[in-house]
Amino acid sequence: MLNIKLKYDKLLNEIKAMAPFNPELAIILGSGLGDFASNLNTVKEIRTSELCEYPVSTVQGHDGKICFSEYNGKKVLLFKGRIHFYEGYKLEECILPVHLAKELGCQRILLTNAAGGINPNFSPGNLMINTSFNSIFIMNEITELIGIASKEEKDRSLDFPSKAFNELIEKAAIKENIQIREGVYWYTKGPSYETPSEIKMIKKYGGDCVGMSTVHEAVYASVLGMQVAGISCITNYAAGITNLKLSHKEVTETANMVKNTFERLLKSVISLL
Ligand code: HPA
């Protein structure tokens, strides 16, 4: 069976040698949300392309940088750019940032993503706390992935997503007077957007938004005993919800439009840690 610690031992040591401190929170920045890094004091920036075994990011808007940053006395590890299953990587590669975050000392991980809105009350630009996840499209792969966790890790009861962490995000939103939605994040593999018929099915089964990431990262983080939360930026109406054609350009444009609100929310979350 795959031993993820062994597989990434060299890479981890390479990063540890450059790490200026042990971070307490990791944040994975989703599509178009990478600019958040410029809000914090960057103590050390590492280009993932300079690391020996780090998967290459192939998606526009995913920079490929790891930043050790500080804000309000809090130490944060930022992943600018994520590794997607639809890029052809194995799940064990997609969850690499989670593994690194845990090994570098993070107790918490915040997963951000861009997603298509399904809930009729949502519109592009809304931010949504992920109250639950659905991953039936990759359930088999996730089960295999959990196979790489140790016995003790598998036996933990999962607080997934973390109620305490979600409450902290809600508090942060209230403090900043930011309207925050709540709902179920539903995973599809991509890279193409869903068909209107798929969206109809997902809606029927309780999905509030849809995206191509996050769920396996969240499962793995919770198996490792980390507090995990997810925030979706609703960047577009999901396929068939309106007659509009979906595009990656719209996703990045909307993410850009809500950038300031999203950044205020994340800074408030960090301050409340
Ligand atoms: N579907 C899947 N992933 C997405 C979407 C969508 O509509 N928007 C942003 N990421």
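Remember, predicted model here, so these are calculated numbers, not experimental data. Whatever order the structure lists ligands and atoms in, that order sets their numbers, starting from 1. Side-chain atoms are counted along with the backbone in the values below, which use heavy atoms only and exclude waters and symmetry mates.
Aromatic ring centroids of H216 and Y187 lie under 6.0 Å apart. Ring to ring, F160 and F133 are close: their centroids are under 6.0 angstrom apart.
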Pair up each side-chain donor or acceptor in residues 231-238 with any protein partner under 3.5 Å, not counting sequence neighbours, and list the distances.
unit_1: S232; atom_1: OG; unit_2: N113; atom_2: OD1; d: 2.7
unit_1: S232; atom_1: OG; unit_2: N130; atom_2: ND2; d: 2.9
unit_1: T235; atom_1: OG1; unit_2: A115; atom_2: O; d: 3.4

N/O to N/O under 3.5 Å, ligand 1 against protein:
unit_1: ligand 1; atom_1: 1 (N); unit_2: E194; atom_2: OE1; d: 2.8
unit_1: ligand 1; atom_1: 1 (N); unit_2: E194; atom_2: OE2; d: 3.3
unit_1: ligand 1; atom_1: 7 (O); unit_2: N236; atom_2: ND2; d: 2.9
unit_1: ligand 1; atom_1: 8 (N); unit_2: G116; atom_2: N; d: 3.4
unit_1: ligand 1; atom_1: 8 (N); unit_2: N236; atom_2: OD1; d: 2.7
unit_1: ligand 1; atom_1: 10 (N); unit_2: A114; atom_2: O; d: 3.3

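Residues A239 and E194 come closest through the heavy atom pair CB-O, 3.2 Å.
A side-chain donor-acceptor contact under 3.5 Å links K267 and N39.
Checked against L77 for a side-chain contact (heavy atoms from CB on, under 4.5 Å), the options L25, I27, I66 give a single hit: I66.
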